[in-house]
Amino acid sequence: MTQHTIRIASSQGTATLSKGQKTFNRLIKKIEDQRKLLQVWQDTLPRFQARRVAEYAPAVNAYNQLREDFVRMLDAAHGATGLTKTERAKLSDIIASIVNELLDLGETPELIALYDTHNEVSFAEEEQMAAESDKALLQDMFGIELEDDSELNTPEEVAALVRKKLFEPQDAEPMEPPRPRKVSARTRAREAREKEEAQGASQSIREVFRKLASGLHPDRETDPAERTRKTALMQRVNAAYEKNDLLALLQLQLEAEQIDHADIAALSESRLKHYNKVLTEQAMELDMELASIEASFNSGDPFSRRRVHPALVLQWLDQDIAQIKAATADIRHDLTALLDIKRLKAKLRHYRIERDDEVRFL
């Protein structure tokens, strides 16, 4: 399928482009670039997800399973003879730090018991303190009062409770109805202008659609081959119109030879203004779609290093898989090597207790 390029060239009619024409060209170029990037994402994401499921997730599961075996081994070593009080304290700090990370992945009675054994504050007490802190933060942030039994276990529960407190009627004295908002003449004029522009933009895109529909209606064709061609074109026209996709409709007009580039260059400033409004909305929607894809890599995925790009995510996934496998190999080695009390003591000699830092023991 040929992609017809939409541009207003300065050589067509005038020496320089008007502001509206320049804006039109800029928006068209932006949308084309956004669509190219979106297409690359759509080609890349299935491969990324497939490798994440087939390679990364099993590697992480194996790593975490070995970490559970590792803390069990360290817990057994904690009670062995030959360790000083300081060395036992270091072991407890290592165990509690690793178990704390494992508990974020899933709570089990065994891991909670290990945490309680080797941490000064029990897991249940820490959970209670965290809940109280979250509750106080929400009350201060939104100016609401939360009951002691309020459920705040998940982001969804928090959002639902805040919505209920803020927007649902509570048992309280009836409030006076809000006074009508005073609207200035300038505001009314601006709102009227915006409404008129929105109506003009909508009308402009409807006119393009109607012209296409009138010229491409397959029922008016007697030639079977031409009817098939126009049927396919009308399907694309309907899909573009449903999405309010002005660029695709203009490209279809070029493809159907309803207009040429001279017609686009001859568009009035009024029509360009309406087109530019539609194109601006298209660009914003594409920006949001791309931002949503990028945001999916910032929570729960293997990395959140910088603004992600489809050309890099598979490379980063390779690096993460290699790092996980290397860390797993290190733990597998330590599971055997550190059964020797002398090696364990040597390893502990270089360990420093720093509660807020990531454990670098492995």
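Source: prediction; values computed, not measured.
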- Find the distance between OG (Ser214) and CD (Gln258) and round it off to the nearest 0.5 Å. 8.0 Å

- Message: Check this for me: does any side-chain nitrogen of one of Lys277 and Glu281 sit under 4.0 Å from a carboxylate oxygen of the other?
- Response: yes

- Glu32 with Arg7: basic N within carboxylate O range, under 4.0 Å: yes

- Heavy-atom nearest pair, Ala77 first then Leu344, reads CB-CD2, 3.7 Å

- Item | Which atom of Lys345 lies closest to which atom of Leu83, heavy atoms considered | CG-CD2, 3.7 Å

Do [X] and [Y] come within less than 4.5 Å of each other through their side chains, counting heavy atoms only?
X	Y	answer
Glu285	Lys243	no
Leu254	Ile264	yes
Asp69	Leu66	yes
Ile293	Val308	no

- All salt bridge (charged side-chain N to carboxylate O under 4.0 Å, His left out) counterparts of Arg229, not counting sequence neighbours: Glu226

- With sequence neighbours left out, write down each residue that passes salt bridge (charged side-chain N to carboxylate O under 4.0 Å, His left out) with Glu68, or none if nothing qualifies. Arg72

Side chains of [X] and [Y]: is there a donor and an acceptor less than 3.5 Å apart?
X	Y	answer
Asp245	Gln282	yes
Gln319	Gln315	no
Gln39	Asp43	yes
Arg206	Gln203	yes

- Item | ring pair (Phe, Tyr, Trp, His ring centres under 6.0 Å) involving His78 - partner list, sequence neighbours excluded | His118

- Item | Asn119 side chain to Tyr115 backbone, donor-acceptor under 3.5 Å | no

